[in-house]
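Start at 1 and go down the list; that is how both ligands and their atoms are numbered.
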Amino acid sequence: MNGPFPSLVLDRVGMVFPAASGSARTVLDGVDLSLHAGQCLALVGRSGSGKTTLLHLAAGIAVPTSGRVLIDGEDLGGMTENARTRLRRDRIGIVFQFFHLLPHLNVAENVALPGWIDGRPGGGLEKRVGELLDRVGLADRSRDPVGRLSGGEMQRVALCRALLNKPSLLLADEPTGSLDDRTGQVILDLLLEMAEAERCALLLVTHSLTVAARAERIFELHDGRLRQDPGVPS
Ligand SMILES: Nc1ncnc2c1ncn2[C@@H]1O[C@H](COP(=O)(O)OP(=O)(O)OP(=O)(O)O)[C@@H](O)[C@H]1O
Ligand SMILES: [Mg+2]
């Protein structure tokens, strides 16, 4: 569902973690961001700058200590954890650095998983799984155990799973970070191509400015704040 609203809005989002020592640690400090369907935004920043934290807030996995997160215009703030989980399943796809596939399921089953959780009937689901696997070139591997796949192939499966429910927002945390350069390039091409075809907004977290350069906008997280178009590699 894209509608008239941006897929993702962060409105003065702050995140403060309590530290074991007692002094709190401010990781995000008044972050504003707006991302529309069909747009791709890259987020860079040093290790520990808060990229994954920001992504978790955008996914409703964590709740900010201040400010608001809106998905398709809906404020996550007033929602119960169950409602946020449901919204995440319906509207948000996530791709991780280390794939997070279920090893005891085959390729097609891994992709279908979010549909099963939704309790969707078999026919349409099977068709969607088949189409997605076809588009990433894995149609002939659908019955293979995922453990037999290469890293690049596993990431393609993870991408299909993330897109299964036609999310409005696709979040990717270092999706090429555990792949060699060439495989990473192929995965990045697929990620951008599929996000565009599915009319998702894409938020791409990466260490690599080469990867980030493929996005329409690049933001750097630094001292808890976002700045656009950083000139210097982090
Ligand atoms: N649940 C938590 N409790 C306390 N501190 C946390 C928590 N999650 C993250 N942090 C802290 O927030 C800071 C930002 O972490 P985050 O994982 O967002 O960084 P990152 O930019 O993704 O780093 P990397 O590039 O290494 O993945 C770190 O100092 C981390 O220790
Ligand atoms: Mg991280």
Side-chain angles (χ1 to χ4, degrees), residues 8-35 40-71 76-77 79-81 84-85 88 92-101 151 154-155 158-159 161-162 167 169-181 183-185 187-188 191-192 195 201-215 217-234:
L8 171 67
V9 170
L10 303 183
D11 175 25
R12 287 166 298 158
V13 161
M15 192 63 169
V16 181
F17 289 114
S21 62
S23 62
R25 176 162 158 62
T26 301
V27 175
L28 301 176
D29 180 15
V31 168
D32 289 315
L33 188 70
S34 178
L35 187 60
C40 173
L41 186 151
L43 182 62
V44 298
R46 283 206 314 265
S47 180
S49 59
K51 303 180 298 297
T52 296
T53 301
L54 187 151
L55 200 119
H56 283 173
L57 296 176
I61 292 168
V63 179
T65 40
S66 59
R68 299 186 307 154
V69 179
L70 294 93
I71 302 292
L76 302 191
M79 291 184 189
T80 63
E81 195 173 335
R84 272 189 283 126
T85 302
R88 180 162 63 248
I92 300 174
I94 311 181
V95 177
F96 303 93
Q97 178 175 357
F98 297 107
F99 327 126
H100 292 197
L101 300 175
M154 287 189 198
Q155 198 59 303
L159 175 59
R161 178 185 57 187
L169 176 64
L170 183 58
L171 302 170
D173 197 352
E174 296 282 1
T176 63
S178 59
L179 304 171
D180 65 65
D181 284 353
T183 309
Q185 177 80 43
I187 290 298
L188 182 62
L191 188 66
L192 294 167
L202 173 60
L203 177 56
L204 176 63
V205 167
T206 178
H207 277 109
S208 157
L209 272 203
T210 319
V211 171
R214 301 282 307 276
R217 286 186 291 164
I218 306 179
F219 283 83
E220 182 180 20
L221 255 181
H222 185 78
D223 285 342
R225 295 187 167 263
L226 272 187
R227 62 182 183 210
Q228 193 161 5
D229 297 324
V232 189
S234 54

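Ligand 1 has at least one atom lying under 4.0 Å from a heavy atom of G50. Not a single heavy atom of E174 sits under 4.0 Å from any atom of ligand 1.
For the residues R25, H56, K51, the heavy atom positioned nearest atom 21 (O) of ligand 1 is part of K51. Considering each of S49, P18, G48, the one bringing a non-hydrogen atom nearest atom 13 (C) of ligand 1 is G48.
Under the 4.0 Å distance rule, the nearest protein heavy atom to atom 15 (O) of ligand 1 falls inside the cut-off. When distances from atom 9 (C) of ligand 1 to the protein are checked, a heavy atom turns up under 4.0 Å.
Closest to atom 1 (N) of ligand 1, if we only count protein heavy atoms, is F17 CE2, 3.6 Å. Taking atom 17 (O) of ligand 1 as the reference point, the nearest protein heavy-atom neighbour is T52 CB, 3.7 Å. Atom 26 (O) of ligand 1 has its closest protein heavy atom at S47 OG, 2.5 Å.
Counting heavy-atom neighbours within 6.0 Å of D181 CG, excluding the residue itself, gives a total of 12 or less. Heavy atoms from other residues, nucleotides or ligands lying under 6.0 Å from CZ of R12 number 12 at most. The number of heavy-atom neighbours closer than 6.0 Å to CD of E81, taken from other residues, nucleotides and ligands shown, is 12 or below.
Those atoms of ligand 1 with a heavy atom of H207 less than 4.0 angstrom away are 25 (O). Atom numbering of ligand 1 starts at 1 in the shown order; those under 4.0 Å from a heavy atom of R46 are 21 (O). Listed by atom number, the atoms of ligand 1 under 4.0 Å from T53 heavy atoms are 9 (C), 14 (C), 15 (O), 16 (P), 18 (O).
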Discussion item. Run the side chain to side chain contact (heavy atoms under 4.5 Å, CB included) test on R84 and V63 for me, step by step, so that the C-alpha distance in whole Å, both residues' side-chain angles and the decisive distance to 0.1 Å come before the verdict.
Written reply: CA-CA 10 Å; R84 272 189 283 126; V63 179; 3.4 Å; yes
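Inclusion of T52 in the first shell of the Mg ion (ligand 2) is supported: an N, O or S atom falls under 2.8 Å.
With a 4.0 Å heavy-atom cut-off, ligand 1 is reached by the side chain of V27 but not by its N, CA, C or O.
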